[in-house]
There are 2 protein chains.
Amino acid sequence: MPGTPQRSPRKAKGAGPERREEILAAALRLFGQFGLYGVSTRQIAQAVGVSQPTLYAYFASKDEIAAELHARAFRELEARLRVGVRDADTREAVAAGLRIYLDFGLENPDAYRVAFMIEGPHGRVAVAGPVDESDVSVPGHTAFDILRRMIADLHRRGLGAGDDPERMAQSVWAGMHGLVSLLIARPGFPWAEREALVAGHVRMLADMAMRRD
Amino acid sequence: MPGTPQRSPRKAKGAGPERREEILAAALRLFGQFGLYGVSTRQIAQAVGVSQPTLYAYFASKDEIAAELHARAFRELEARLRVGVRDADTREAVAAGLRIYLDFGLENPDAYRVAFMIEGPHGRVAVAGPVDESDVSVPGHTAFDILRRMIADLHRRGLGAGDDPERMAQSVWAGMHGLVSLLIARPGFPWAEREALVAGHVRMLADMAMRRD
DNA sequence: ACGATTACCGATCATTGATCACTTATCACT
DNA sequence: AGTGATAAGTGATCAATGATCGGTAATCGT
């Protein structure tokens, strides 16, 4: 007997994992532009150049496409935070860490929209916390945890403001999500000059988190 | 000729403006619970006790029902801010004004969701700014304007922090919207005790807005 | 060349938001 | 009471949507 597994009759035309990526790329662009519920599966299929049932060979449902995009955006944000958030011992260092979050959202509005601002299938709106509430206690696996530990470090060094680092982390997180989601959701609003607004916002949030001196 | 107008063959069973209110009440409850796209017009009709086409005698579309709820929530928030935001000359007074916004959202999560967090028909997410961008310059007609003027007053009295009241107002606003939307969207998240979190958050935002002394 | 497996598509289903023609109930006026 | 007019409400139906199913064509190892 050959023993070794007889593998894979293999792919046809332009198929394979590439198709899956094409679908995700088209869906991300369309969702970001028209919203999850403003885009039909037929539109996605047409953008990719396949027929609509083909999507269901790669994803179980439209929601699963959105879920995959959500997960990817979330992992990307986490990765950026993980490499970008260093020891935060000065106001500038804290502000720089927070700025990573803001920049991610502003540089990838489509991903941020899909991941954190679009109403989910159960009427819930996903945000930048853990997707599954059950893994909240698992450390190091969520973007929020990285922020939480940055704030906790501040307090360990005696640099943190307030008496509750956890509460402070939640306030700061809310402050960031608020600005990102508003800037993305209302491009027509007469915002102040963006760089000044974002820089000022981050500086203020960093100030909030640090003891006065 | 009688001259006076021959008025109104009048309403039938339980009809009239009441029906419209019943529809709005049912829609608000269902939208808040399951989301705009998680509720069908047939479900709304069943909750009211009428058939589905009846809804279209009172509203031109499902979106118009959501738009009406949006407008009402917006007016209610404005009304609360108008009567609640007095001269803000101390940190506590500013915090109290901000708290009105937060309390509104937390006490009326359904309304806040429907009004400010649900993805609209065009893929836009409505937030607590003016609905129509064109009336941004009209003073006194939006919730944001009330906040804007509170901050501007601070600066006029020499109590404001930073050099740009407009930018500050936008930052503070984002800070509030962020916390409200996160608290509503993620009830399962291990939040800190709500009263302490909210009170601390508004205090911090008020601090941000006021000159250090 | 052949069977097996994969990629894909046309046809179709239930449900959705929305429209239409039709019925029923109430009123003003005789 | 009877009558015509108007308003309120409903069943039937439409196009579009997300999703499923059986069948077809391309590709592979042998």
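Letters A, B, ... are given to chains in the order of the sequence lines, protein chains preceding strands, and every chain is numbered from 1.
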[atom1] of [X] versus [atom2] of [N]: gap in Å, rounded?
{"X": "A/Gln46", "N": "C/dC9", "atom1": "CD", "atom2": "C1'", "answer": "15 Å"}
{"X": "B/Tyr58", "N": "D/dT10", "atom1": "OH", "atom2": "C1'", "answer": "13 Å"}
{"X": "A/Tyr37", "N": "C/dT16", "atom1": "OH", "atom2": "P", "answer": "13 Å"}
{"X": "B/Glu64", "N": "C/dT19", "atom1": "CD", "atom2": "C1'", "answer": "16 Å"}
{"X": "B/Ile23", "N": "D/dA8", "atom1": "CD1", "atom2": "C1'", "answer": "12 Å"}
{"X": "B/Arg19", "N": "C/dA25", "atom1": "CZ", "atom2": "P", "answer": "14 Å"}

Self-check item: Under-4.0 Å side-chain N/O to phosphate OP1/OP2 contact, B/Thr54 with D/dG9
Solution: no

Quiz item: With sequence neighbours left out, what residues match A/Arg99 under side chain to side chain donor-acceptor pair (under 3.5 Å)?
Solution: A/Asp103, A/Glu195

Exercise. Not counting sequence neighbours, which residues clear side chain to side chain donor-acceptor pair (under 3.5 Å) with A/Arg203? List them please.
Key: none

Self-check item: Pair A/Glu68 + A/Arg72, salt bridge at N-O below 4.0 Å
Solution: yes

Exercise. Treat primed atoms plus P, OP1 and OP2 as sugar-phosphate and everything else as base, then score nucleotides 12-20 of chain D 5' to 3': B for base contact with protein heavy atoms under 4.0 Å, S for sugar-phosphate contact only, - for none.
Key: BB---BBBB

Quiz item: Take atom CD in B/Gln46; do more than 12 heavy atoms of anything else shown fall under 6.0 Å from it?
Solution: no

Quiz item: Under the salt bridge (Lys or Arg N to Asp or Glu O under 4.0 Å) criterion, do A/Glu78 and A/Arg75 qualify, and how do the steps go?
Solution: CA-CA 5 Å; A/Glu78 273 182 49; A/Arg75 281 198 298 269; over 6 Å; no

Practice problem: State, yes or no, whether a side-chain contact exists between B/Val94 and B/Val172 at a heavy-atom distance under 4.5 Å. | Solution: no

